[in-house]
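So you know, we letter chains A, B, ... as the sequences are listed, proteins then strands, and number each from 1.
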Protein chains: 2
Amino acid sequence: MRRDPFQAIADPTRRAIILLIAVQAMTPNAIAVHFDTTRQAVSKHLRILSECRLVKQERSGREIYYQLNPTKMKEIDKWLEQFRKIWEDRFNQLDNVLATIKNNKK
Amino acid sequence: MRRDPFQAIADPTRRAIILLIAVQAMTPNAIAVHFDTTRQAVSKHLRILSECRLVKQERSGREIYYQLNPTKMKEIDKWLEQFRKIWEDRFNQLDNVLATIKNNKK
DNA sequence: TATATTTGCAACCGATTGGTTTCATAATAA
DNA sequence: TTATTATGAAACCAATCGGTTGCAAATATA
């Protein structure tokens, strides 16, 4: 079973959950009321997010508060980092790569 | 069928393809030799990436060159942007959210 | 104690995914 | 013209996904 942050944020519901608990830690029940789905489905999403270490849990009696793990979110950002140069600095050069290849063949 | 950049980068092979063609535009055959899979499977990935507008195509005779569309990559970055403040500025504050909630209940 | 609440987990289900093989089409080369 | 090459598309398949219902365990409340 593949468990990485990229797969975790692929689902729109999970992205919404991440956004919710980024503001403040919440319990599964509190999260579930924001979605048109069952509490168990939300719990499944939280489990996946936990396995990817994108969220942290903290128990308080029978309630479990889930909150975002910003450090792990940074990993996705790190992957994007390698492209930042392309879309910022070398934007025009990249557009010419194809033309360059075609010219080399002549 | 959901087609968005988040789902597109969820697959590790597609992320590798993106990285490859970010350096220079390539044909499906040229891309496929880098992977332990068939040319057709790579073509399927390229189709998904195309549908998400993450890659651009340019035909040259019977060859089709695929290259990265940096603008669309930026959209993923835009979503991450909202969390950047959290993991940079408010890192310690966020860690205290749970404690705050628990204190409010007293 | 008896009951209600919060939660995770297992079993199941239809849809989607990523892969394969096979085939059709278009462009190049012999 | 006749091969060969490059590519996309279709049909199929096992595995995974996101959802459901039902249940058990632990904590809180009457």
Side-chain angles (χ1 to χ4, degrees), chain A residues 1-18 20-21 24-67 98 101-102 104-106, chain B residues 1-18 20-21 24-67 98 101-102 104-106:
Chain A
M1 210 182 326
R2 185 160 44 84
R3 282 286 177 265
D4 61 66
F6 296 100
Q7 186 245 353
I9 64 163
D11 183 81
T13 303
R14 279 198 290 271
R15 287 200 300 279
I17 290 175
I18 288 172
L20 260 181
I21 63 175
Q24 66 165 49
M26 293 176 80
T27 65
N29 265 327
I31 295 167
V33 298
H34 290 86
F35 298 97
D36 190 24
T37 181
T38 59
R39 195 250 329 153
Q40 284 90 338
V42 170
S43 261
K44 269 187 148 188
H45 284 305
L46 286 171
R47 191 186 167 175
I48 291 169
L49 291 171
S50 291
E51 286 173 356
C52 300
R53 311 264 175 238
L54 273 172
V55 305
K56 293 183 282 183
Q57 316 177 23
E58 193 152 330
R59 190 169 203 120
S60 166
R62 67 181 163 187
E63 294 177 324
I64 300 175
Y65 285 89
Y66 286 86
Q67 73 173 121
L98 180 64
I101 290 167
K102 280 196 277 192
N104 286 343
K105 290 183 100 178
K106 283 175 190 167
Chain B
M1 209 179 330
R2 185 160 45 84
R3 282 286 176 264
D4 60 66
F6 295 98
Q7 186 247 353
I9 65 162
D11 183 82
T13 304
R14 279 197 291 270
R15 287 200 300 280
I17 290 174
I18 288 173
L20 259 180
I21 62 175
Q24 67 165 48
M26 291 176 81
T27 64
N29 265 328
I31 295 168
V33 297
H34 290 87
F35 298 96
D36 190 23
T37 181
T38 59
R39 196 253 325 156
Q40 284 89 340
V42 170
S43 262
K44 268 187 150 190
H45 284 306
L46 286 170
R47 191 189 168 175
I48 291 170
L49 291 170
S50 290
E51 285 172 357
C52 300
R53 311 263 175 240
L54 272 174
V55 305
K56 293 183 283 185
Q57 315 176 24
E58 193 151 329
R59 187 167 206 122
S60 167
R62 66 182 161 183
E63 294 177 327
I64 300 175
Y65 284 88
Y66 286 85
Q67 73 173 120
L98 179 63
I101 290 166
K102 280 196 275 193
N104 287 344
K105 290 183 105 179
K106 285 177 188 166

Measure the distance from [atom1] on [X] to [atom2] on [N] and round it to the nearest whole Å.
X	N	atom1	atom2	result
A/Glu63	D/dA28	CD	P	9 Å
A/Asp4	D/dC17	CG	P	11 Å
A/Arg62	D/dA25	CZ	C1'	13 Å
A/Leu46	D/dG19	CG	P	12 Å
A/Arg47	D/dG18	CZ	P	14 Å
A/Arg59	D/dA25	CZ	P	14 Å
A/Gln7	D/dG18	CD	P	7 Å

Walk along DNA chain C from 5' to 3' and tell me the first and last nucleotide with an atom closer than 4.0 Å to a non-hydrogen atom of chain B.
-> C/dT17 to C/dT28
Separation of A/Gln67 CD from A/Gln24 CD (nearest 0.5 Å) | 10.5 Å
Rounded distance [0.5 Å steps], CD1 in B/Ile31 versus CG in B/Leu46 | 4.5 Å
Could you pull out the closest heavy-atom pair between A/Val42 and A/Pro28, with the gap in Å?
-> CG1-O, 4.2 Å
Which residue pairs satisfy the salt bridge (Lys or Arg N to Asp or Glu O under 4.0 Å) criterion with at least one member in residues 26-45 of chain A, sequence neighbours excluded?
-> none
How would you list, by chain and number, every residue that makes a side chain to side chain contact (heavy atoms under 4.5 Å, CB included) with A/Ile64, sequence neighbours excluded?
-> A/Gln57, A/Arg59, A/Tyr66
Quick one: side chain to side chain contact (heavy atoms under 4.5 Å, CB included) partners of B/Thr27, sequence neighbours excluded?
-> B/Asn29, B/Ala30, B/Glu63, B/Tyr65
OP1, OP2 of D/dG19 versus side-chain N and O of A/His45: anything below 4.0 Å?
-> yes
Donor-acceptor pairs are to be reported for all side-chain atoms of residues 4-17 of chain B against protein atoms at under 3.5 Å, with residues two or more places apart or in another chain.
{"from": "B/Asp4", "atom 1": "OD1", "to": "B/Phe6", "atom 2": "N", "distance (Å)": "2.9"}
{"from": "B/Asp4", "atom 1": "OD1", "to": "B/Gln7", "atom 2": "N", "distance (Å)": "2.9"}
{"from": "B/Gln7", "atom 1": "OE1", "to": "B/Arg3", "atom 2": "NH1", "distance (Å)": "3.4"}
{"from": "B/Asp11", "atom 1": "OD2", "to": "B/Thr13", "atom 2": "N", "distance (Å)": "2.9"}
{"from": "B/Asp11", "atom 1": "OD2", "to": "B/Arg14", "atom 2": "N", "distance (Å)": "3.1"}
{"from": "B/Arg14", "atom 1": "NE", "to": "B/Ala8", "atom 2": "O", "distance (Å)": "2.6"}
{"from": "B/Arg14", "atom 1": "NH1", "to": "B/His45", "atom 2": "ND1", "distance (Å)": "3.0"}
{"from": "B/Arg14", "atom 1": "NH2", "to": "B/Gln7", "atom 2": "O", "distance (Å)": "3.3"}
{"from": "B/Arg15", "atom 1": "NH1", "to": "B/Ile9", "atom 2": "O", "distance (Å)": "2.8"}
{"from": "B/Arg15", "atom 1": "NH1", "to": "B/Ala10", "atom 2": "O", "distance (Å)": "3.2"}

Who pairs with B/Arg47 by salt bridge (Lys or Arg N to Asp or Glu O under 4.0 Å), at least two apart in sequence or on another chain?
-> B/Glu51
Among D/dG18, D/dA9, D/dT7, the nucleotide that comes nearest once only the side chain of A/Asp11 is considered = D/dG18
Using a cutoff of under 3.5 Å, can you pull out all pairs of nitrogen or oxygen atoms linking the protein to nucleotides 21-24 of chain D, with atom names and distances?
{"from": "D/dG22", "atom 1": "O6", "to": "A/Gln40", "atom 2": "NE2", "distance (Å)": "3.0"}

Under a 4.0 Å heavy-atom cut-off, which of residues 27-37 of chain B touch DNA chain D?
-> B/Thr27, B/Pro28, B/Asn29
